[in-house]
Amino acid sequence: MDASVSEIANITWTQNALHVLATTLHLTSYLYPEQALIHDGDVFDYIVVGAGTAGCVIANRLTEDPTSKVLLIEAGGDPPIESGLPGLMSYMKQSAEDWNYTSVYDGYSQQCHTPPVSDIPRGKMLGGCSSMNYMYYVRGNPYDYDNWANITNDNTWSYNNVLPYFIKSERLQNSKIWNTPNAAFHGSEGYLGVTKQFEKRTNKYLQVFSELGYNVVLDTNGNYTLGFTEPLLTMVNGYRQSTAKTFLSPIKNRSNLHVLKNTLVTKINFDEDNNAVSIDAIKENKKKITIRANKEIIVSAGTINSPQLLMLSGIGPRKHLEDLGINVIADLPVGENLQNHISGISTYALEKTPKRPKDPHKHPQPTVMGFATVDNLQTYPDYQSINLIVDSEDLLQSCAFTNGFKKEICNIFYKEAKGREVMISQTIVLHPKSRGRILLRNINPYVYPEIFTGYFSDASDLENLASYMERVNCVMTTNYFQEVNATFLIPPDCASNEPGSKEFWRCYALCMAMPMNHYIGTCAMGSVVDGRLKVFGVQRLRVVDASVIPNMTSGNTNVPIIMIAEKAADFIKAGN
Ligand SMILES: Cc1cc2nc3c(=O)[nH]c(=O)nc-3n(C[C@H](O)[C@H](O)[C@H](O)COP(=O)(O)OP(=O)(O)OC[C@H]3O[C@@H](n4cnc5c(N)ncnc54)[C@H](O)[C@@H]3O)c2cc1C
């Protein structure tokens with residue numbers, strides 16, 4: 001068996017073993033709220049659909065008022081033990097807790113992957129994607145939020161007005177940052193624990209980027225976000241800080257919080273005045289129930305599932321809904337404007353290194369992260385550079401499984417890197433122009449929607465990716481890379497291009513293109529929801545999750561979504 005095939009077989013075997021452990025011993029259930037006893041026709045003040053990143057935050061904040069009765073409904077169950085342990089995060093993809101979506105084949109953007117489509121991992125458990133993500137704590141740039149304020153014509157989204165909500169959720173545990181002026185941008189009392197993982201190994205890579213003229217900084221989450229750093233992580237004392245662990249566990253005994261797990265919400269129902277009044281759902285035992293909401297229904301099912309549920313309920317593009325025989329309640333561009341960060345992977349084999357023992361309580365990939373511009377006068381970044389310092393075994397896992405590149409490429413990379421330290425450098429186009437969309441296949445809520453990612457449909461995204469990757473490749477000229485005789489690993493698909501030519505970088509960027517997991521925009525503010533996240537054309541219905549983000553932030557999306565949920569909870573409380 002070749003290296004890639006046997007690596008994937010090992011991962012699948014481990015995942016099956018972990019699944020047996022989870023389903024027989026339920027080792028994590030004590031951490032989370034018990035399953036609520038819910039009957040057909042029950043009534044709550046608020047129903048929150050989806051106990052993911054945003055849903056757990058909303059449920060926490062709404063139940064702060066003891067008179068509010070809240071039902072939180074989640075399609076998945078409790079996160080398994082491997083979700084809590086940072087060192088095992090790679091095993092979450094394609095597990096029983098992953099919705100495991102794939103994109104529609106576009107014949108272009110994923111040509112060096114097997115199969116040539118995008119895997120779209122999405123958490124199906126309490127905490128949603130925050131229970132399976134890579135734990136980088138990144139807020140983005142002040143400009144991102146000022147831009148949202150312009151789009152919504154609502155100044156509450158300006159950076160100055162969202163900053164208090166980032167601070168509210170955060171509990172930063174890092175004495176170095178607390179002793180700098182950047183302390184003013186951080187919180188110490190929030191639910192979400194945030195730390196840094198110091199690794200001796202990363203120092204020489206910070207030095208590499210410094211030699212190239214980039215600033216090395218302690219923190220990129222203040223109002224100045226450029227430079228290279230060891231990133232902050234949503235991890236404390238060796239455990240993941242999902243929103244299930246941080247926002248739900250501490251309040252699991254609140255008497256006004258009811259959590260219904262392993263239950264799929266299939267439809268939102270409206271009265272004759274277009275008020276959202278109830279939801280239909282299918283429980284674990286396949287029993288159909290209808291639950292009423294006195295005040296509001298909040299959809300927090302994520303960028304793929306929120307538009308699916310809205311469209312199934314009659315909110316979406318008229319023609320598409322009518323083609324499927326769905327009664328149109330509101331004609332809105334639901335499912336359109338799908339965005340994601342697109343990145344490219346460059347791999348460098350460095351000095352010989354001994355095999356290191358794995359610590360499940362540590363982030364498995366010591367990271368150097370940077371935010372950079374092409375124009376030195378600009379203050380918001382054009383690209384992000386995530387550099388993972390790993391060994392050749394991790395490279396194989398990342399190449400063949402996590403990133404899903406074809407085995408010919410991974411086997412060659414593994415052979416060249418065997419026994420050496422490896423820098424996997426991910427260069428991310430932070431402001432892509434390409435757009436995709438989501439469409440229903442049919443009216444069955446169990447059938448996954450069609451996901452057209454649209455990657456590189458705007459040609460400037462590939463040009464930018466190629467040029468940013470070429471810039472990052474200057475690492476090859478630095479003292480450390482020269483000293484250890486670094487090898488830049490090239491896929492066979494681009495071997496015939498003149499190295500360093502424009503054609504070479506275009507080929508390299510296209511072949512090694514890797515979508516991030518930052519899907520947003522399918523129920524965007526300004527077109528589907530207003531600045532208070534209320535769905536246009538109906539009442540008593542909001543969407544609160546990544547789907548409302550109108551334009552990509554300059555970085556990873558988890559923390560911006562927590563901020564959105566914190567803010568939305570205040571909107572809801574103020575409005576009722
Ligand atoms: C592998 C991976 C790595 C990532 N790494 C990072 C990172 O390092 N840093 C970062 O900032 N971001 C990262 N992200 C992105 C970030 O985690 C997500 O953008 C964010 O968590 C999405 O939050 P959400 O609330 O919009 O949706 P989700 O967290 O996906 O929550 C949606 C929830 O709704 C539930 N649901 C859906 N449909 C229904 C239904 N019909 N009925 C009932 N329940 C339903 C789902 O099961 C899920 O629990 C990563 C994501 C992934 C997948």
Side-chain angles (χ1 to χ4, degrees), residues 47-58 71-77 79 83 86 89-95 97-101 119-140 231-235 240 242-244 259-268 279-283 298-310 312-313 340-341 363 365 367 369 384 386 402-403 426 445-446 448-449 515-523 543-549 552-553 555-565 568:
I47 297 176
V48 183
V49 180
T53 304
C56 290
V57 177
I58 297 272
L71 176 65
L72 176 63
I73 308 181
E74 168 54 42
S83 159
M89 68 184 192
S90 323
Y91 294 98
M92 297 303 299
K93 185 189 164 193
Q94 289 172 3
S95 68
E97 291 78 26
D98 179 3
W99 285 87
N100 202 4
Y101 290 115
D119 291 333
I120 303 180
R122 297 281 93 189
K124 187 180 186 181
M125 61 194 131
L126 298 182
C129 292
S130 75
S131 294
M132 71 182 294
N133 70 17
Y134 303 149
M135 294 170 280
Y136 296 123
Y137 181 99
V138 179
R139 292 182 184 174
L232 289 171
L233 301 168
T234 45
M235 225 180 98
R240 173 191 293 276
S242 68
T243 58
V259 181
L260 185 58
K261 302 178 245 188
N262 300 307
T263 299
L264 186 78
V265 176
T266 55
K267 195 165 178 241
I268 301 156
I279 55 97
D280 293 343
I282 303 178
K283 295 212 285 189
I298 298 119
V299 177
S300 297
T303 294
I304 313 294
N305 295 46
S306 287
Q308 181 193 23
L309 180 61
L310 258 52
L312 287 171
S313 310
N340 188 16
H341 285 132
H363 196 281
Q365 298 161 337
T367 305
M369 185 183 285
Q384 183 180 4
I386 302 183
T402 310
N403 295 338
Q426 188 160 21
Y446 285 101
Y448 284 5
M516 301 295 284
N517 295 298
H518 301 162
Y519 298 89
I520 62 148
T522 49
C523 303
V543 181
V544 182
D545 57 27
S547 70
V548 303
I549 299 179
M552 295 293 333
T553 54
N556 314 59
T557 41
N558 191 51
V559 191
I561 294 161
I562 293 174
M563 175 278 288
I564 290 171

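Counting starts at 1 for both ligands and their atoms, following the listed order. Here the structure is a predicted model, which is why all the values come from computation and not from measurement. The first residue in the sequence is number 1, and the count goes up from there. What you see below is based on every heavy atom in this structure, not just the backbone, and it leaves out hydrogens, waters and symmetry mates.
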Enquirer: Between ligand 1 and the protein, which N/O pairs fall short of 3.5 Å?
Expert:
residue  : atom   : partner : partner atom : Å
ligand 1 : 5 (N)  : Y134    : N            : 3.0
ligand 1 : 8 (O)  : Y134    : N            : 3.3
ligand 1 : 8 (O)  : M135    : N            : 3.1
ligand 1 : 8 (O)  : Y136    : N            : 3.0
ligand 1 : 9 (N)  : Y136    : O            : 3.0
ligand 1 : 11 (O) : Y136    : O            : 3.3
ligand 1 : 11 (O) : T557    : N            : 3.3
ligand 1 : 11 (O) : N558    : N            : 2.8
ligand 1 : 12 (N) : N558    : N            : 3.4
ligand 1 : 17 (O) : N133    : ND2          : 3.1
ligand 1 : 19 (O) : T557    : OG1          : 2.8
ligand 1 : 21 (O) : T53     : OG1          : 2.6
ligand 1 : 21 (O) : N558    : OD1          : 3.4
ligand 1 : 23 (O) : T53     : OG1          : 3.2
ligand 1 : 25 (O) : A54     : N            : 3.0
ligand 1 : 26 (O) : A546    : N            : 2.9
ligand 1 : 29 (O) : T53     : N            : 3.1
ligand 1 : 29 (O) : T53     : OG1          : 2.9
ligand 1 : 29 (O) : C129    : N            : 2.9
ligand 1 : 38 (N) : N305    : ND2          : 3.0
ligand 1 : 41 (N) : V265    : O            : 3.0
ligand 1 : 42 (N) : V265    : N            : 3.0
ligand 1 : 44 (N) : A75     : N            : 3.0
ligand 1 : 47 (O) : E74     : OE2          : 2.6
ligand 1 : 47 (O) : W99     : NE1          : 3.0
ligand 1 : 47 (O) : G123    : O            : 3.4
ligand 1 : 49 (O) : E74     : OE1          : 2.7
ligand 1 : 49 (O) : E74     : OE2          : 3.1
ligand 1 : 49 (O) : M125    : O            : 3.2

Enquirer: If I compare all heavy atoms of R122 with all of H518, which pair ends up nearest, and what's the gap?
Expert: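 Distance-wise, the nearest heavy atoms are NH2-N, 4.5 Å.
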Enquirer: Does a donor on one side chain sit under 3.5 Å from an acceptor on the other, for Q365 and T367?
Expert: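 T367 and Q365 do not have a side-chain donor-acceptor pair below 3.5 Å.
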Enquirer: What residues, two or more places apart in sequence or in another chain, satisfy salt bridge (charged side-chain N to carboxylate O under 4.0 Å, His left out) together with D98?
Expert: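 Partners of D98 under the salt bridge (charged side-chain N to carboxylate O under 4.0 Å, His left out) test: none.
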Enquirer: With a 4.5 Å heavy-atom cut-off, do V259 and E74 have their side chains touching?
Expert: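 Side-chain contact under 4.5 Å: no.
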Enquirer: Could you list the residues that satisfy side-chain hydrogen bond (donor to acceptor under 3.5 Å, both in side chains) with S547, not counting sequence neighbours?
Expert: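 For S547 the side-chain hydrogen bond (donor to acceptor under 3.5 Å, both in side chains) partners, ignoring immediate neighbours, are D545.
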Enquirer: Considering residues at least two apart in sequence or located in another chain, which fulfil the ring pair (Phe, Tyr, Trp, His ring centres under 6.0 Å) criterion with Y448?
Expert: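 Counting only residues at least two positions away or on another chain, Y448 forms a ring pair (Phe, Tyr, Trp, His ring centres under 6.0 Å) with Y101.
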